[in-house]
Amino acid sequence: MSEKAGKVTMEKLVSLCQRRGFVFPSSDIYGGLSGCWDYGPAGIELKRNVKEAWWRSIVQERDDVVGIDSSILMNPKVWEASGHVAGFSDPLVECKNCHLRWRADQLTENKCPACGGELTEPRQFNLMFKTFIGPVEEAAATVYLRPETAQGIFVNFMNIVNTSRKRLPFGVAQIGKSFRNEITTGNFIFRSREFEQMEMEFFVKPGTDGQWLDYWVQERFNWYVKLGIKKDNLRRREHGQEELAHYARGCFDIEYLFPMGWSELEGIANRCDFDLKQHMTHSGKSLEYYDDETKEHYLPYIIEPSAGVDRSVLAILCDAYDEETVNDELRVVFHFHPDLAPVKVAVLPLSRKENLASLAKEVYGVLRPCFATQYDDTQAIGRRYRRQDELGTPYCVTIDFASLEDNMATIRERDSMNQIRVPIPALKDTLLAKLAGEDLFILPEGGKIWKQE
Ligand code: GAP
């Protein structure tokens with residue numbers, strides 16, 4: 001029997017993520033680098049699965065969105081036109097006593113949160129990282145690491161109209177790294193200085209922007225629910241007028257109830273024609289769209305769903321985390337949606353004995369081309385189940401001595417811990433069906449229910 005134990009905290013999550021190879025501090029052996037993280041073997045699989053799920057739903061399954069991969073370094077004029085050089089800044093204050101720096105707009109009191117010291121007057125601090133292009137470190141060679149992927153889409157608008165034959169409304173999607181020299185980072189991978197975004201710019205005819213904004217807010221909310229995030233932990237929040245970015249006419253955040261409270265997971269903004277207008281003015285190139293139906297030239301409006309990969313990963317980790325007491329022992333488990341689980345199937349021979357190992361390796365060889373599969377023959381079987389639970393592996397396949405006689409294997413399900421016994425030749429198709437959502441107790445021919453905990 002299992003029963004609920006404790007709930008997720010950021011401390012538990014950080015420690016489990018490190019122990020099971022999801023996320024490590026960057027440059028760990030040198031003491032880390034503030035606001036930077038490395039994804040380990042389990043984390044990178046989870047992150048790739050999140051990005052693939054996004055790409056599938058935004059690009060692959062739609063006729064009206066195409067993809068792009070633009071460069072991180074861009075002509076610095078892009079950032080003048082976009083408003084980032086002049087305005088992408090946060091108010092910074094410094095403690096006169098301990099010299100720690102803080103974002104003035106995030107402080108509740110006018111004193112240093114670390115030592116109570118007096119703070120300097122706020123000054124605007126630009127969040128873009130600067131570097132130099134070419135061998136000479138001079139002002140004329142200054143370039144920026146992009147603080148959002150969106151601008152790479154806006155400046156390619158005409159290239160895409162001219163080559164993809166897409167007509168309005170249509171979107172352009174991009175996944176990639178962005179960099180912000182955040183004054184304060186924190187809450188694990190929630191706010192970092194190097195992170196990944198999944199952004200889509202949806203170009204629409206002016207006048208239809210309101211309905212498309214509503215559409216994308218709904219679509220994006222449903223995407224998180226489809227990936228298994230509990231609806232109760234998600235909400236939409238409309239920005240007040242005073243909160244809107246300079247380019248936005250309307251904006252909704254999708255928020256998640258993280259351990260530190262409700263926080264932004266994704267923003268969906270109506271950017272009007274701000275970006276195309278700015279780039280048209282600054283580049284001197286026309287970015288007007290010719291509408292064949294109405295025979296008009298105009299600048300499309302843009303609806304932008306902009307999500308953070310790392311924040312999605314963090315929300316998925318928080319939501320999937322669970323502690324249960326099973327037979328008086330603590331079981332920690334990630335109940336990931338099967339599409340997101342870093343490892344789908346683990347093959348576990350009951351012992352390392354030669355005849356058992358060779359059958360288990362054979363099974364492993366059949367399964368691994370179909371799904372992310374792990375082979376584990378260390379420690380007692382119970383310990384191995386717990387390890388797979390902590391990785392969130394939906395199914396374990398156990399090969400035991402009876403398998404040598406009856407050519408059957410046990411499938412153990414992560415969430416219920418129930419087990420069925422299945423003929424080895426039927427394993428692959430059975431697992432495919434289970435991973436696609438079929439009930440564990442629907443059996444292939446010759447299968448039987450083994451253990452119901
Ligand atoms: N193009 C619009 C844009 O970049 P944003 O609200 O600044 O809008 C969009 O960022 C998303 O990117 C956020 O909702 C968040 O998920 C992610 N993001 C932004 N800054 C981040 C940071 N410092 N660390 C991690 N993710 C971040």
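All values derive from a computational prediction rather than experimental measurement.
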Trainee: Out of the candidates Q174, R311, E266, E148, only one should pair with Q197 under the side chain to side chain contact (heavy atoms under 4.5 Å, CB included) rule; please name it.
Mentor: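 Considering Q174, R311, E266, E148, a side chain to side chain contact (heavy atoms under 4.5 Å, CB included) with Q197 is found only for E148.
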Trainee: Show the numbers, then the answer: is there a salt bridge (Lys or Arg N to Asp or Glu O under 4.0 Å) between R19 and E390?
Mentor: CA-CA 10 Å; R19 190 153 45 84; E390 288 189 345; 3.0 Å; yes
Trainee: Do F179 and P147 have side chains that approach each other closer than 4.5 Å (heavy atoms only, starting at C-beta)?
Mentor: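 No. Closest side-chain heavy atoms not under 4.5 Å.
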Trainee: Taking C251 as the fixed residue, which of N270, I268, L244 is the one that meets the side chain to side chain contact (heavy atoms under 4.5 Å, CB included) rule?
Mentor: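 The passing option is L244.
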Trainee: Give a yes or no on whether D439 atom CG has more than 12 heavy-atom contacts from other residues, nucleotides or ligands under 6.0 Å away.
Mentor: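 Above 12, so yes.
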Trainee: Kindly indicate, with the supporting measurements, whether the criterion side-chain contact (heavy atoms from CB on, under 4.5 Å) is fulfilled by L391 and F336.
Mentor: CA-CA 9 Å; L391 277 176; F336 294 129; over 6 Å; no
Trainee: Would a distance-only check, ignoring hydrogens and angles, find a side-chain to backbone donor-acceptor pair under 3.5 Å from N75 to V78?
Mentor: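 No.
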Trainee: Does a side-chain heavy-atom distance below 4.5 Å link E199 with E304?
Mentor: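 Heavy-atom side-chain distance check passes, below 4.5 Å.
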Trainee: When rounded to the nearest 0.5 angstrom, what is the spacing between CG in L257 and CG in L265?
Mentor: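 So the gap between those two atoms works out to 11.5 Å.
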Trainee: Mark yes when over 12 heavy atoms from residues, nucleotides or ligands other than R62 sit less than 6.0 Å from its CZ; otherwise mark no.
Mentor: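 Atom CZ in R62 is packed in, count exceeds 12.
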Trainee: In the structure I gave you, are the side-chain heavy atoms of S312 and V309 within less than 4.5 Å of one another anywhere?
Mentor: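 No, their side chains stay 4.5 Å or more apart.
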Trainee: Less than 4.5 Å apart, side chain to side chain, heavy atoms only: is that true for S263 and Y256?
Mentor: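 Answer no - side chains too far apart.
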Trainee: Less than 4.0 angstrom from a charged side-chain N to a carboxylate O is my criterion; do R421 and D406 meet it?
Mentor: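 Yes, this pair counts.
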Trainee: If we ignore hydrogens and angles and just use 3.5 Å, is the side chain of N49 paired with the main-chain N or O of E45 as donor and acceptor?
Mentor: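 The answer is yes, because a donor-acceptor pair under 3.5 Å joins these two groups.
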Trainee: Have T184 and Q106 got a donor and an acceptor in their side chains that come within less than 3.5 Å?
Mentor: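 Side-chain D/A pair, T184 to Q106: present.
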Trainee: Answer yes or no: is there a side-chain heavy-atom contact under 4.5 Å between V93 and L107?
Mentor: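 Heavy-atom side-chain distance check passes, below 4.5 Å.
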Trainee: Does a salt bridge link R56 with D339, judged by any charged N lying under 4.0 Å from a carboxylate O?
Mentor: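 Salt bridge: yes.
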Trainee: Could you check, using the six-membered ring where one of them is a Trp, whether W37 and F24 have ring centers closer than 6.0 angstrom?
Mentor: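 No, they do not, as the ring centres are separated by 6.0 Å or more.
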Trainee: Is any side-chain N of the basic residue among D232 and K230 closer than 4.0 Å to the acidic one's carboxylate O?
Mentor: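 Here D232 does not pair with K230 in a salt bridge, since their nearest N and O are not under 4.0 Å apart.
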Trainee: Spell out, as yes or no, whether a donor-acceptor pair under 3.5 Å connects the side chain of D376 to the backbone of T378.
Mentor: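 Present.
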Trainee: Quick one: do E264 and R237 make a salt bridge, cutoff under 4.0 Å?
Mentor: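 No, no charged N to carboxylate O under 4.0 Å.
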Trainee: Could you check whether any side-chain heavy atom of C112 comes within less than 4.5 Å of a side-chain heavy atom of C98, counting everything from C-beta outward?
Mentor: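 Yes. Closest side-chain heavy atoms under 4.5 Å.
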Trainee: Taking side chain to side chain donor-acceptor pair (under 3.5 Å) as the test, write out the residues that go with S15, two or more places apart.
Mentor: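 In terms of side chain to side chain donor-acceptor pair (under 3.5 Å), with neighbours along the sequence ignored, S15 is linked to no residue.
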Trainee: So, for L317 and F334, which heavy atoms are closest and what is the spacing to 0.1 Å?
Mentor: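 Shortest heavy-atom separation between L317 and F334 comes out as O-CE2, 3.4 Å.
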Trainee: Under the side-chain contact (heavy atoms from CB on, under 4.5 Å) criterion, do V204 and I302 qualify, and how do the steps go?
Mentor: CA-CA 6 Å; V204 303; I302 294 172; over 6 Å; no
Trainee: For S34, what residues pass the side chain to side chain donor-acceptor pair (under 3.5 Å) criterion, not counting sequence neighbours?
Mentor: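 Here the qualifying residues are R193.
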Trainee: Hey, are E413 and S416 close enough side-chain-wise for a donor-acceptor pair under 3.5 Å?
Mentor: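 On atom types as modelled, these side chains qualify, holding a pair under 3.5 Å.
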Trainee: Tell me whether D90 contacts the main-chain N or O of A104 through its side chain, where contact means a donor paired with an acceptor under 3.5 Å.
Mentor: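 No.
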Trainee: Answer yes or no: is there an ion pair linking D253 with R236, defined by an N-O contact shorter than 4.0 Å?
Mentor: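 A salt bridge is absent here (no side-chain N lies under 4.0 Å from a carboxylate O).
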Trainee: Between T373 and F371, is there a donor-acceptor pair closer than 3.5 Å when you use the side chain of the first and the backbone of the second?
Mentor: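 Pair found, side chain donor or acceptor close to backbone of F371.
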Trainee: On the ring face of W223, is R220 found with NZ or CZ under 6.0 Å from the centre and within 45° of the axis?
Mentor: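 Yes, a cation-pi geometry holds between R220 and W223.
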Trainee: Less than 6.0 Å separating the ring centroids of F170 and F202?
Mentor: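 Judged by ring-centre distance (under 6.0 Å), F170 and F202 do not meet the cut-off.
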Trainee: Measure from NZ or CZ of K130 to the centre of the six-membered ring of Y144 and say whether it is under 6.0 Å with the direction within 45° of the ring axis.
Mentor: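 No.
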Trainee: Any donor and acceptor pair, going by atom type alone, linking the side chain of K12 with main-chain N or O of K7 inside 3.5 Å?
Mentor: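 Yes.
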Trainee: Could R414 and D389 be called an ion pair, given the rule that one side-chain N must be under 4.0 Å from one carboxylate O?
Mentor: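 So R414 does not pair with D389 through a salt bridge.
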Trainee: Both conditions, 6.0 Å and 45 degrees, for the charged tip of R180 above the ring of F129: are they met here?
Mentor: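 Negative - R180 is either too far from the ring of F129 or too far off its axis.
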Trainee: Taking all atoms of both residues into account, what is the closest heavy-atom pair of I399 and L359, and its distance?
Mentor: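 Scanning both residues completely, I find the closest heavy atoms to be CG2-CD2, 3.8 Å.
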Trainee: Is the shortest heavy-atom distance from the side chain of I254 to the side chain of L234 under 4.5 Å?
Mentor: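 Counting from C-beta outward, I254 and L234 do come under 4.5 Å.
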Trainee: Is there a donor-acceptor pair under 3.5 Å between the side chain of K344 and the backbone N or O of A341?
Mentor: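 Present.
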Trainee: Any chance NZ of K51 has more than 12 other-residue heavy atoms, nucleotides or ligands included, within less than 6.0 Å?
Mentor: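 Count over threshold, so yes.
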Trainee: Is it true that a side-chain atom of S403 and a backbone atom of M408 form a donor plus acceptor pair closer than 3.5 Å?
Mentor: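 Yes; at least one donor-acceptor contact below 3.5 Å.
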Trainee: State whether K177 and E194 are salt-bridged, where the test is any N-O pair (Lys NZ or Arg NE/NH1/NH2 against Asp/Glu carboxylate O) under 4.0 Å.
Mentor: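 Answer for the salt bridge query: yes.
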Trainee: Under the side chain to side chain donor-acceptor pair (under 3.5 Å) rule, collect the residues that match up with Y375, sequence neighbours excluded.
Mentor: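 Expected list: none.
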Trainee: So does R383 have more than 12 non-hydrogen atoms from other groups sitting under 6.0 Å from CZ?
Mentor: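 No, not enclosed.
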